[in-house]
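Just so you know, these numbers come straight off a predicted model, no measurement behind them. Every chain is numbered from 1 and lettered A, B, ... according to where its sequence line falls, protein lines coming before strand lines.
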There are 2 protein chains.
Amino acid sequence: MAKPPIAISEAESRVMEALWRKAPQASEDIVAAVQQDSDWHEKTIRTLLGRLLGKGAVSAEKDGRRYLYAPVLTREQWQSQESRSLLDRVFGGRLGPLLAHFSEHEKLGAKDVAELRKLLAAIEKKER
Amino acid sequence: MAKPPIAISEAESRVMEALWRKAPQASEDIVAAVQQDSDWHEKTIRTLLGRLLGKGAVSAEKDGRRYLYAPVLTREQWQSQESRSLLDRVFGGRLGPLLAHFSEHEKLGAKDVAELRKLLAAIEKKER
DNA sequence: AGTTTCAGACTACGCCCGTAATCCAGTTGG
DNA sequence: CCAACTGGATTACGGGCGTAGTCTGAAACT
């Protein structure tokens, strides 16, 4: 069977962020890390961690009486899923319209333009 | 006060699609249009339409015994909202990483590449 | 050894969403 | 004029999500 994609919610992704930055970590440290950027209650963060475990988005390895948590879903996988979802849901699966949209409505910084050039250069190289 | 952004759900967006393609339309026609691409029950579609009305995403004008519905939220506004949401939630608000992601993980069709070139050309022209 | 503590498990609860079914009043067909 | 029909309004219901609170078992402190 194909692996079912792991869907995580907005709030859950904030917890994943902490793990993507550093892993493995004990829940105490995760709580502290997440609280740097949010005002969530410790209980809330632990609940989210538990849900992520249930979904298989993180793994837990026993370390004494506590667990050390690590991400299973990578940030890249998540970014891919979310990007593809936007592409399919909102732009009919075509990159063109999405890019056109960004070019019209988002201010592109110098770095963005450089990234665009790089992207195009890579494509052209591969093309022949 | 600033107008609060109108958030619509996935299913609701399917109904909006029908209205974006043609408006105004009576609910009967909307139902028929949506059913072309889905197997939703008529009642379901009417419920979604009602919710969209409640959210102010569509307007209804009485036309005899029925209403004629029209979109208030435009497709472009919606695409903007969703794009910005992805950008902020998943890519820290920076376009570069998003573009890098697409260049690495998405297969670009010829049309996409053309769109990219056009986009870059437009930028270069504006740049000087 | 008894008590306090704390990580993790289980429970809670209101709101949104997907997906309808039921109810009601005005229109229309007979 | 009465019955059937139909669009719209109201109600339903289970699952996920945001946001915790409570319970429990074992470790740690005294």
Starting the side chain at C-beta, find the nucleotide from [options] nearest to [X].
| X | options | answer |
| --- | --- | --- |
| B:K43 | D:dA9, D:dC23, C:dC17 | D:dA9 |
| B:E28 | C:dG18, D:dG7, D:dT19 | D:dG7 |
| B:S27 | D:dT19, D:dG7, C:dG18 | D:dG7 |

Nearest-Å distance for atom pair [atom1]/[atom2], residues [X] and [N]:
| X | N | atom1 | atom2 | result |
| --- | --- | --- | --- | --- |
| A:R89 | C:dC17 | CZ | C1' | 14 Å |
| B:E61 | D:dG8 | CD | P | 13 Å |
| A:H41 | D:dG18 | NE2 | C1' | 14 Å |
| A:L53 | C:dA9 | CG | C1' | 12 Å |
| A:I45 | C:dA9 | CD1 | P | 17 Å |
| B:E10 | D:dG16 | CD | P | 17 Å |
| A:L52 | D:dG16 | CG | P | 14 Å |
| B:R46 | D:dA9 | CZ | C1' | 12 Å |

Open item on the list: Using only modelled atom types and a 3.5 angstrom limit, is any donor from either the side chain of A:R51 or the base of D:dT19 paired with an acceptor on the other?
Closed with: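 Counting by modelled atom types and ignoring angles, a donor-acceptor contact under 3.5 Å is found here.
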Open item on the list: Does B:T47 contact C:dA20 through a side-chain donor or acceptor facing the base, at a distance under 3.5 Å?
Closed with: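 Donor-acceptor pair under 3.5 Å: yes.
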Produce the list of close N/O pairs, under 3.5 Å, pairing protein atoms with atoms of nucleotides 25-27 of chain D; give distances to one decimal.
unit_1	atom_1	unit_2	atom_2	d
D:dA27	O3'	A:R65	NE	3.2

TODO: Considering only NZ, NE, NH1 and NH2 on the basic side and carboxylate oxygens on the acidic side, decide whether A:R21 and A:D29 come within less than 4.0 Å.
DONE: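 Salt bridge between A:R21 and A:D29, a charged N being under 4.0 Å from a carboxylate O: no.
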Task: Carboxylate-amine/guanidinium proximity below 4.0 Å for A:E115 and A:K111 - done: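 Looking at A:K111 together with A:E115, the answer is no, because their closest N to O distance does not fall below 4.0 Å.
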- [ ] Identify, between A:D39 and A:A7, the residue whose nearest nucleotide on DNA chain D lies closer to the 5' end.
- [x]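 Nearer the 5' end of the strand: A:A7.
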Open item on the list: Quick check: on DNA chain D, is the nucleotide nearest A:L48 upstream (toward 5') of the one nearest B:L49, or the reverse? Name the residue that is more 5'.
Closed with: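 Here B:L49 is the residue nearer the 5' end.
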Task: Candidate pair A:R89 and B:S13, rule side-chain hydrogen bond (donor to acceptor under 3.5 Å, both in side chains), full reasoning - done: CA-CA 9 Å; A:R89 284 188 306 107; B:S13 77; 5.8 Å; no
- [ ] Taking the side chain as every heavy atom from C-beta outward, state whether B:L53 and B:Y67 have any pair of such atoms under 4.5 Å apart.
- [x]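 Contact flag for B:L53/B:Y67 side chains = no.
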Open item on the list: Pick the closest DNA chain C nucleotide for B:K55 and for B:T44 by heavy atoms, then say which residue is nearer the 5' end.
Closed with: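 Result: B:K55.
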Task: salt bridge (Lys or Arg N to Asp or Glu O under 4.0 Å) assessment of A:R14 paired with A:E17 - done: CA-CA 5 Å; A:R14 308 288 208 86; A:E17 287 287 355; over 6 Å; no
TODO: Please test A:R117 against B:E124 for salt bridge (Lys or Arg N to Asp or Glu O under 4.0 Å), starting from the C-alpha separation and ending with a verdict.
DONE: CA-CA 11 Å; A:R117 284 209 179 88; B:E124 268 157 5; 3.1 Å; yes
- [ ] Would you indicate what B:E42 reaches in the nucleic acid, counting non-hydrogen atoms under 4.0 angstrom: base, sugar-phosphate, or nothing?
- [x]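 Nothing, no nucleic acid heavy atom in range.
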Kindly say if [X] contacts the phosphate of [N], meaning a side-chain N or O under 4.0 Å from OP1 or OP2.
| X | N | answer |
| --- | --- | --- |
| A:S9 | D:dG18 | yes |
| B:W40 | C:dG18 | no |
| A:Y69 | C:dG8 | yes |

TODO: Only pairs at least two apart or in different chains count here, so list each salt bridge (charged side-chain N to carboxylate O under 4.0 Å, His left out) that has a residue in residues 47-70 of chain A.
DONE: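 Listed once each, the pairs are A:E12-A:K55.
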- [ ] Grab the two heavy atoms, one from A:R94 and one from A:L87, that are nearest each other, plus how far apart they are.
- [x]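 Minimum heavy-atom separation between A:R94 and A:L87: O-CD1, 3.8 Å.
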